[in-house]
Number of protein chains: 2
Amino acid sequence: MFSIGELSKRTGVKIPTIRYYEQMGLIDAPERSEGNQRRYSKEGLQRLSFIRHSRELGFSIEDIKGLLELSQHPEKPCQDADKIAVQRLSDVRARIAKLRRLERELKRITACQADNVASCAVIESLADHGLCDAEH
Amino acid sequence: MFSIGELSKRTGVKIPTIRYYEQMGLIDAPERSEGNQRRYSKEGLQRLSFIRHSRELGFSIEDIKGLLELSQHPEKPCQDADKIAVQRLSDVRARIAKLRRLERELKRITACQADNVASCAVIESLADHGLCDAEH
DNA sequence: CTTGAACCTCTAGCCGCTAGAGGGATTATA
DNA sequence: TATAATCCCTCTAGCGGCTAGAGGTTCAAG
């Protein structure tokens, strides 16, 4: 049994965020102390770790609800979980591709050698999309 | 002189977003028609294009305010503009690196061959951070 | 002159937190 | 045991960057 502060330290999830997850229905309302303070068990810790890890991988709160739901029913087929993860993978790949294009353009832009704004590549490039290497 | 709808079509920025930018002080309040409708000039179009392009590159509203400010003063040194862009470039690179790590892990996770959730790699991996290849 | 699309303002909602006010509970030390 | 320091409670409001909807007005084509 540990307090919300302990749980926060162990998982790296901030206290208000833990309460927010409870509110959103991601974690069950835990037991309370005599004085109405939250007291968590090992299961609470595991669940929150799961959530934290999932958030780090960019799963949405809704995705995580689905994954948690699945993890409570080990007999179900895992297609659904796989589908969510595959979707995330393709999101991530799309974002990487987009960021790579941005990187290229920013690199070009920041190669600016001008002294003043009048002929500064940063400003010019932003003003004139036609100068871009690629669509975005 | 064109309407907000026209401006929206030409720039690809949605109408409520244009009004939002006006509210945020990114674009000046334009002239109005007799009946109080917004009427934009070529300058308005250019400015909004600049903004759109900057947003696509991930500059924040505040960044863009700075860049617009600079672009109105061509005599100023362009160091500041360059600084903002360089900062963005390093942000973008950091994000790419992070997403790459996520991609690796998601790829591993989605290689799940199990039939049911009990032994599904997706769920397992999320529950046990220790299985990850890398920190994130 | 009528109709229907486009426009207006205003308020509220989205996500995923985060911050602060104003209080009560717990724990470490004197 | 008293007190101080720290923790925790609920509640409300705010962040960025939009987006949606209500309820009303104006514009432009036929």
Side-chain angles (χ1 to χ4, degrees), chain A residues 1-27 29-41 44 47-48 50-68 84 87-88 91 95 98 102 136, chain B residues 1-27 29-41 44 47-48 50-68 84 87-88 91 95 98 102 136:
Chain A
M1 284 296 152
F2 26 83
S3 68
I4 197 168
E6 261 296 302
L7 186 64
S8 172
K9 257 182 219 143
R10 293 198 196 199
T11 57
V13 178
K14 287 181 188 162
I15 291 174
T17 306
I18 296 173
R19 292 198 274 246
Y20 170 76
Y21 288 160
E22 185 184 324
Q23 217 181 298
M24 293 299 100
L26 276 189
I27 53 185
E31 291 176 48
R32 299 283 182 136
S33 71
E34 296 267 298
N36 198 35
Q37 298 194 356
R38 288 169 179 83
R39 289 295 176 263
Y40 295 91
S41 65
R47 199 173 169 100
L48 188 55
F50 183 106
I51 294 168
R52 194 211 160 175
H53 191 186
S54 304
R55 283 296 299 139
E56 276 172 348
L57 292 178
F59 292 95
S60 71
I61 301 281
E62 280 310 303
D63 280 347
I64 297 172
K65 265 191 195 172
L67 292 169
L68 281 167
I84 296 173
Q87 177 58 52
R88 268 302 299 153
D91 286 358
R95 276 165 64 194
K98 201 170 170 209
L102 299 193
H136 38 241
Chain B
M1 283 296 155
F2 27 82
S3 68
I4 197 168
E6 262 296 302
L7 186 65
S8 171
K9 257 180 220 143
R10 293 198 194 200
T11 58
V13 179
K14 287 182 188 158
I15 292 174
T17 306
I18 296 173
R19 291 197 276 245
Y20 170 75
Y21 288 160
E22 184 184 325
Q23 217 181 298
M24 292 300 100
L26 276 188
I27 53 185
E31 290 176 47
R32 298 284 183 135
S33 72
E34 295 267 300
N36 198 36
Q37 298 194 355
R38 288 167 179 82
R39 291 293 175 262
Y40 294 90
S41 64
R47 200 175 167 96
L48 188 56
F50 184 106
I51 294 168
R52 194 209 159 176
H53 191 186
S54 304
R55 283 294 300 138
E56 276 172 348
L57 292 178
F59 292 95
S60 72
I61 300 283
E62 279 312 303
D63 280 347
I64 297 173
K65 264 190 195 170
L67 292 169
L68 282 167
I84 296 173
Q87 178 58 53
R88 268 301 299 154
D91 286 357
R95 276 164 64 194
K98 202 172 169 207
L102 299 193
H136 39 241

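Computation of the quantities below employed the complete heavy-atom set of this structure, encompassing side-chain atoms and omitting hydrogens, waters and symmetry-equivalent molecules. Chain naming here is simple, since letters A, B, ... match the order of the sequence lines and numbering starts at 1 in each.
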Fill in: Atom-pair distance (CE on A:Met24; P on C:dG13), nearest Å
14 Å
Worksheet item: Taking atom P of C:dG24 as reference, at what distance in whole Å does atom CD of A:Glu34 sit?
Response: 18 Å
Practice prompt. Among the candidates C:dC17, C:dA25, C:dT9, find the nucleotide nearest to the side-chain atoms of A:Gln37.
Written response: C:dA25
Practice prompt. Let me know, please, whether B:Ile15 or A:Ser60 comes out on the 5' side of the other along DNA chain C by nearest nucleotide.
Written response: B:Ile15
Worksheet, complete the sentence: Atom CE of B:Met1 and atom P of C:dA6 are separated, to the nearest Å, by 21 Å
Worksheet item: Between B:Ser3 and C:dC7, is there a side-chain N or O to OP1/OP2 distance below 4.0 Å?
Response: yes
Discussion item. Please confirm whether the shortest side-chain N or O distance from A:Thr17 to OP1 or OP2 of C:dT18 is below 4.0 Å.
Written reply: yes
Fill in: Point-to-point distance, once rounded to the nearest 0.5 Å, from CG of B:Leu48 to CD1 of B:Ile4
9.0 Å
Worksheet item: Which whole-number value in Å describes the distance from A:Ile27 CD1 to C:dC17 P?
Response: 12 Å
Item to complete: Among the candidates C:dG16, C:dT18, D:dG17, find the nucleotide nearest to the side-chain atoms of A:Lys14.
Response: C:dT18
Worksheet item: OP1 or OP2 of D:dC18 sitting under 4.0 Å from any side-chain N/O of B:Tyr21?
Response: yes
Discussion item. To the nearest 0.5 Å, what is the distance between CE on A:Met1 and CD on A:Glu6?
Written reply: 13.0 Å
Practice prompt. Output yes when at least one side-chain N/O atom of B:Arg38 is less than 4.0 Å from OP1 or OP2 of C:dT9, else no.
Written response: yes
Worksheet item: Does the pair B:Lys65/B:Glu62 count as a salt bridge with the N-to-O cut at 4.0 Å?
Response: yes
Worksheet item: Could you give the CG-to-P distance, from A:Asp63 to C:dG16, as a whole number of Å?
Response: 9 Å
Response to the item:
The residue, A:Tyr40 or B:Tyr20, whose nearest nucleotide of DNA chain D is more 5′ is A:Tyr40
Worksheet item: Measuring from A:Arg47:CZ to A:Leu7:CG, what's the distance to the nearest 0.5 Å?
Response: 12.5 Å
Discussion item. Check this one for me: any side-chain N or O of A:Arg52 less than 4.0 Å away from OP1 or OP2 of C:dG16?
Written reply: no
Fill in: Residue-phosphate contact under 4.0 Å: A:Ser33 side-chain N/O, D:dC8 OP1/OP2
no
Discussion item. What's the closest nucleotide to the side chain of A:Ile61 if the choices are D:dG17, C:dG16, C:dC8?
Written reply: C:dG16
Discussion item. Please compare A:Arg39 and A:Gln23 by the position of their nearest nucleotide in DNA chain D and report the one closer to 5'.
Written reply: A:Arg39
Discussion item. Can you tell me how far apart OG (B:Ser8) and CD1 (B:Ile18) are? Round to the nearest 0.5 Å.
Written reply: 5.0 Å
Worksheet entry | Gap between atom CD1 of A:Ile27 and atom OH of A:Tyr40 - 0.5 Å precision | 5.0 Å
Fill in: Whole angstrom value for the distance that separates P of D:dG17 from CD1 of B:Ile51
13 Å
Worksheet item: Out of C:dC8, D:dT19, D:dC8, which nucleotide sits closest to the side chain of B:Pro16?
Response: D:dT19
Item to complete: Find the distance B:Arg32:CZ to C:dA6:C1' and express it as a whole number of Å.
Response: 14 Å
Response to the item:
Taking C:dT26, C:dC7, C:dC17 as options, the one with an atom nearest any side-chain atom of B:Ile4 is C:dC7
Worksheet item: Starting at CD of A:Glu6 and ending at C1' of D:dC7, how long is that distance when rounded to a whole Å?
Response: 12 Å
Discussion item. Using a 4.0 Å heavy-atom cut-off, does A:Arg19 contact any base of the nucleic acid, only the sugar-phosphate backbone, or nothing at all?
Written reply: base
